[in-house]
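Keep in mind that the numbers below use all heavy atoms, side chains included, and drop hydrogens, waters and symmetry copies. Chain letters run A, B, ... following the sequence lines, proteins first, then strands; residues in each count from 1.
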Protein chains: 2
Amino acid sequence: MENYYSEHSKFYVSVDCIVLGYHDKELKLLLGKRKLEPGRGEWALYGGFVESDESLEEASNRTLFELTGMKNIYMRQVGVYGNLDRDPFDRVISVAYCALININDYDDNLRIKHDLEWISLNKIPTLFADHGKMVNTAIKQIQSRINTEPLIFNLLPDLFTLTQLQHVYEAVLGGETDKRNFRKRIKQIALIEKTELIDKVTSKRGAALYRFNSKAYKNDTFFKL
Amino acid sequence: MENYYSEHSKFYVSVDCIVLGYHDKELKLLLGKRKLEPGRGEWALYGGFVESDESLEEASNRTLFELTGMKNIYMRQVGVYGNLDRDPFDRVISVAYCALININDYDDNLRIKHDLEWISLNKIPTLFADHGKMVNTAIKQIQSRINTEPLIFNLLPDLFTLTQLQHVYEAVLGGETDKRNFRKRIKQIALIEKTELIDKVTSKRGAALYRFNSKAYKNDTFFKL
DNA sequence: CCAAAAGTGTTCCGTCTACACCCATGG
DNA sequence: CCATGGGTGTAGACGGAACACTTTTGG
């Protein structure tokens with residue numbers, strides 16, 4: 001038999017990228033207005049079609065690279081969305097990926113080139129098709145993993161102060177945390193190492209810079225914040 | 001423009017069903033040997049292709065119905081798998097779904113008809129393509145949600161004893177739990193209601209039968225085991 | 001009468017929470 | 001010299017873990 005599967009249907013498959021960054025005590029999402037039909041002018045995630053020579057991860061990495069100019073971004077599959085009417089023009093099944101980046105590494109020219117905006121999570125407008133659902137699911141996933149996987153460091157520079165770390169933590173979970181209790185917990189985590197370096201930018205007194213030891217983590221992937 | 005997307009590729013999309021049940025103090029997975037190429041004779045999940053007139057959930061429900069004769073099964077998306085070589089014959093992107101059923105509701109004639117076996121989780125053979133990865137991911141997801149979502153009741157009859165509940169809990173998490181502590185926790189959960197009924201099958205003395213109040217749960221979806 | 005499963009409380013320990021003041025420095 | 005952010009400890013509450021014996025009844 002030449003084609004076992006030919007009685008079945010084929011589908012366009014796309015990836016949609018939920019790119020999150022931290023700035024100014026808030027988590028922000030990279031959004032743009034659609035340039036093409038369907039949904040022209042509506043706020044939407046940046047996406048792209050999967051091509052025949054690439055895996056889903058490759059498609060997602062390619063799309064993220066177009067969008068950010070970065071490689072090796074932290075990225076995680078959120079889910080697949082395949083309702084019949086999710087794309088008003090044609091049937092498209094879409095895989096949502098969530099990426100976390102350090103917003104300072106992001107080249108703002110690319111943002112301007114693609115005509116995108118960083119929008120605070122609590123100010124997200126209605127999005128095209130089911131993109132809003134994707135975003136909500138992604139946020140819930142991040143929140144539920146923040147305490148057991150070292151996600152948070154993807155939102156920060158390599159060197160960070162404990163105050164920065166706490167602010168990002170609060171931005172992800174939404175709420176306030178006691179400073180002393182937070183620092184007590186961090187001190188117990190050997191993977192978060194204090195360096196000799198001092199950050200003098202954000203405070204006059206200077207704050208110790210810390211680093212996440214990702215090599216040690218790779219050897220023993222245990223993490224509890 | 002007549003076809004916005006025609007420059008892009010289309011793909012076969014399938015669903016693969018991870019059906020879990022509880023029996024004899026173990027979680028079991030429904031597996032069969034593939035009847036067709038590719039991979040004929042290898043152990044594999046039961047699956048089916050998504051057709052053009054159905055959503056992913058509809059395809060998954062249809063496939064589960066073929067397999068179990070049941071509708072309204074608890075089911076959850078595990079992930080999408082799209083590596084280039086995952087199906088040796090043609091490019092197929094597959095969505096894995098995990099279903100939990102009460103094994104006593106399962107019509108064994110269907111198992112025989114499809115030539116399937118219930119296999120304990122710790123005795124799972126090497127599976128076709130990436131099915132093993134799907135199963136591992138599904139198990140981890142169940143384990144991580146068992147304490148915050150009322151999954152466990154899908155593996156039990158409507159009426160169950162606390163001992164049964166505990167055995168299923170232990171089978172999911174793998175490990176033992178103290179009986180008194182477990183029962184103390186259960187008593188605090190208003191959604192788990194003691195009935196007047198007594199089960200005399202598994203013990204001479206008789207054990208109180210309990211029920212999960214799923215209607216109350218729907219009104220306020222909070223659950224903490 | 002005994003095997004087999006049901007049912008029941010208390011103590012201890014570790015973890016999380018609440019809480020307020022001094023320090024260093026740049027401007 | 002003062003405004004700004006950095007840094008530190010303790011006491012009480014709470015929740016989870018350890019632990020053993022009595023009850024009922026079918027066979």
Could you list the residues that satisfy salt bridge (charged side-chain N to carboxylate O under 4.0 Å, His left out) with B:Glu66, not counting sequence neighbours? B:Arg62

Hey, are the side chains of B:Trp118 and B:Leu30 touching, using non-hydrogen atoms and a 4.5 Å cut-off? yes

First-last contacting nucleotides on DNA chain D - partner chain A, under 4.0 angstrom, heavy atom: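 Terminal contacting nucleotides, 5' to 3': D:dG5 to D:dT10.
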
Scan residues 111-124 of chain B for pairs that pass salt bridge (Lys or Arg N to Asp or Glu O under 4.0 Å), counting only residues two or more places apart or in two chains.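 Found B:Lys35-B:Asp115, B:Asp108-B:Arg111, B:Arg111-B:Glu117.
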
Drop me the distance from A:Ile189's CD1 to A:Lys224's NZ, to the nearest 0.5 angstrom. 8.5 Å

Sequence neighbours excluded - ring pair (Phe, Tyr, Trp, His ring centres under 6.0 Å) pairs with any residue from residues 137-163 of chain A: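 Only A:Phe153-A:Phe160, A:Phe153-A:Phe212, A:Phe153-A:Phe223 qualify under ring pair (Phe, Tyr, Trp, His ring centres under 6.0 Å).
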
Kindly state which residues belonging to residues 182-195 of chain B come within less than 4.0 angstrom of DNA chain C, counting heavy atoms of the residue only, listed by number. B:Arg183, B:Lys184, B:Lys187

Does anything in residues 198-209 of chain A reach DNA chain C, meaning a heavy atom under 4.0 Å, and if so which residues? A:Lys200, A:Lys204, A:Arg205

Just wondering, are more than 12 heavy atoms of other shown residues or ligands nearer than 6.0 Å to [atom1] in [X]?
X: A:Asn147; atom1: CG; answer: yes
X: A:His167; atom1: NE2; answer: yes
X: A:Arg145; atom1: CZ; answer: yes

side-chain contact (heavy atoms from CB on, under 4.5 Å), that's the test. Do A:Thr163 and A:Thr202 meet it? Break it down for me. CA-CA 10 Å; A:Thr163 302; A:Thr202 53; over 6 Å; no

Nearest-nucleotide check on DNA chain C, B:Thr161 vs A:Asp178; residue mapping nearer the 5' end is B:Thr161

Need to verify one output field. Residue with the more 5' nearest nucleotide on DNA chain D, B:Arg180 or A:Thr163?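 Looking at the nearest nucleotide for each, A:Thr163 comes out on the 5' side.
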
Does the ring of B:Tyr81 carry B:Arg86 above it, NZ/CZ under 6.0 angstrom from centre and within 45° of its axis?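 Output no; distance or angle outside limits.
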
